[in-house]
Peer 1: 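I'd like to ask you about the structure that follows.
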Amino acid sequence: MDYARITMDGVLLEGDPVRVGPYRVVRRLGEGGMGVVYLAEAPSGERVAVKIIHRHLAADPAFRRRFRREVAAARRIARFSTAAVLDAEVEGRTAYLVTEYVPGPTLLEAVRTRGPLTGSALEGLAVSMATALRAIHAAGVVHRDFKPSNVLLSPVGPKVIDFGLAQLADGDTQSIVNLGTPAYMSPEQARRGEVTAASDIFSWGGVVVFAATGSPPFGSGSGQDVLYRVVHDEPELPR
């Protein structure tokens, strides 16, 4: 894997790779608890999203086993309403995941920029997200971190990303509370209990509330304060 030597107008930061396996890196898309995501170009010319797993996670043999299992499950998920998994490197020195590149803002960005959704736009979003979760659950995968920034508003409709991978670091390397997003967690996830498809449905409700109001149902603030409200308080719902 080759690395960028200089910062190039914000497209790539110094130290970012310019190539990952057969994929030519174009620019950064974002960074999270699992790794850094890049827009890249496949040998065919197709644009894809490549997530390079953080080195401290990839160095853990237990993580590698979970990563291999979750990638296999993610490949079984129906492509509609989700960003399809196209490729992965689970054995090499650099672990990465390649998915369909979905152009368009996240739901978080869209609501912050243009305001909450109403009417058929809100209803269509809610149904599309539920359809995506149904496909994810049918493959035996639980999303675990369903939130507005994991919903992309593509030209062909909403697409859910990052499904199932949040659980990979649940173990000795990181706390599940650090991986999920408190404002959209289910009470059982906040308590570090068993996380099932039902937890995703709870999170779906929270995302719909955000889309309709611009605010999460348990408010904002420090993570621990929000987690307390998730477990003990009723959500703040619009009329």
Side-chain angles (χ1 to χ4, degrees), residues 1-5 11-102 132-133 135-146 149-150 152 159-180 195-197 200:
M1 183 167 63
D2 299 324
Y3 292 89
R5 298 295 182 184
V11 175
L12 285 176
L13 301 179
E14 184 174 0
D16 278 341
V18 295
R19 182 169 293 276
V20 181
Y23 303 97
R24 183 180 69 84
V25 174
V26 177
R27 62 180 173 89
R28 270 185 177 234
L29 292 176
E31 182 173 1
M34 285 283 297
V36 183
V37 184
Y38 299 93
L39 173 65
E41 190 176 276
S44 65
E46 177 186 12
R47 288 200 155 189
V48 297
V50 178
K51 174 176 282 190
I52 299 180
I53 306 302
H54 288 313
R55 288 184 179 179
H56 71 279
L57 293 175
D60 179 1
F63 172 88
R64 289 274 186 161
R65 289 193 295 271
R66 292 192 292 271
F67 183 53
R68 188 181 302 111
R69 184 178 65 246
E70 289 304 315
V71 167
R75 286 176 186 259
R76 298 195 299 267
I77 297 173
R79 295 172 68 102
F80 58 86
S81 298
T82 64
V85 173
L86 305 176
D87 191 13
E89 174 56 68
V90 298
E91 306 295 344
R93 183 169 178 265
T94 300
Y96 61 85
L97 180 73
V98 182
T99 66
E100 171 191 7
Y101 170 63
V102 180
L133 285 178
I136 291 168
H137 297 158
V141 176
V142 178
H143 194 296
R144 291 176 175 258
D145 195 18
F146 191 68
S149 60
N150 277 337
L152 294 172
K159 295 269 190 175
V160 174
I161 61 173
D162 278 358
F163 37 82
L165 297 179
Q167 68 177 306
L168 289 172
D170 180 19
D172 295 336
T173 53
Q174 291 192 33
S175 164
I176 190 67
V177 171
N178 292 333
L179 289 167
V195 179
T196 68
D200 284 347

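Treat the numbers as computed from the prediction; the structure is a model and nothing was measured. The first residue in the sequence is number 1, and the count goes up from there. Quick note: numbers below take in every heavy atom, side chains included, and nothing from hydrogens, waters or symmetry partners.
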Peer 1: What pair of heavy atoms forms the shortest contact from Asp145 to Asn150, and how long is it?
Peer 2: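 The pair with the smallest heavy-atom distance is O-ND2, 2.8 Å.
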
Peer 1: Using the side-chain contact (heavy atoms from CB on, under 4.5 Å) definition, which of the options Val26, Val20, Val18, Asp16 pairs with Tyr38?
Peer 2: Asp16

Peer 1: Please name the pair of heavy atoms, one in Tyr96 and one in Ile52, separated by the smallest distance, quoted to 0.1 Å.
Peer 2: CB-CA, 4.1 Å

Peer 1: I need the minimum non-hydrogen distance between His143 and Leu133, along with the two atoms involved.
Peer 2: CB-CD2, 4.4 Å

Peer 1: Evaluate the side-chain proximity of Thr99 to Ile161: yes if any heavy-atom separation is below 4.5 Å, no if none is.
Peer 2: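 Contact flag for Ile161/Thr99 side chains = no.
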
Peer 1: To the nearest 0.5 Å, tell me how far His137 NE2 sits from Ile77 CD1.
Peer 2: 9.0 Å

Peer 1: Let me confirm one number: the CD-NZ distance from Glu100 to Lys159, rounded to the nearest 0.5 Å.
Peer 2: 4.5 Å

Peer 1: Can you name the closest pair of heavy atoms from Ala73 and Ala139 and give their distance?
Peer 2: O-CB, 4.0 Å

Peer 1: Show the nearest heavy-atom pair for residues Val85 and Arg75, with the distance to one decimal.
Peer 2: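 In this case the closest contact between Val85 and Arg75 is CG1-CG, 4.0 Å.
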
Peer 1: May I ask you to test the Tyr101-Leu29 pair for a side-chain heavy-atom distance under 4.5 Å?
Peer 2: yes

Peer 1: When the ring planes of His54 and His56 are compared, do they come out parallel, tilted or perpendicular, using 30° and 60° as the limits?
Peer 2: parallel

Peer 1: Assess the residue pair Arg76 and Val141 against the criterion (side-chain contact (heavy atoms from CB on, under 4.5 Å)); give the C-alpha distance rounded to whole Å, side-chain angles, the decisive distance to 0.1 Å, and a yes or no.
Peer 2: CA-CA 9 Å; Arg76 298 195 299 267; Val141 176; 5.6 Å; no

Peer 1: Shortest non-hydrogen contact from Ala132 to Thr82?
Peer 2: CB-CG2, 4.1 Å

Peer 1: From Arg69 CZ over to Arg64 CZ, what is the distance, rounded to the nearest 0.5 angstrom?
Peer 2: 15.0 Å

Peer 1: Take a 6.0 Å sphere around CZ of Arg47 and say whether it holds more than 12 heavy atoms from other residues, nucleotides or ligands.
Peer 2: no

Peer 1: Hey, what do you get for CD (Glu41) to CZ (Arg19), rounding to the nearest 0.5 Å?
Peer 2: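 So the CD of Glu41 and the CZ of Arg19 are separated by 9.0 Å.
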
Peer 1: Please round to the nearest 0.5 Å and tell me the distance separating atom CZ of Arg68 and atom CD of Glu91.
Peer 2: 4.0 Å

Peer 1: Decide yes or no for Leu97 and Met34: does some side-chain heavy atom of the first lie under 4.5 Å from some side-chain heavy atom of the second?
Peer 2: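 They are not in contact (no side-chain heavy atoms under 4.5 Å apart), so the answer is no.
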
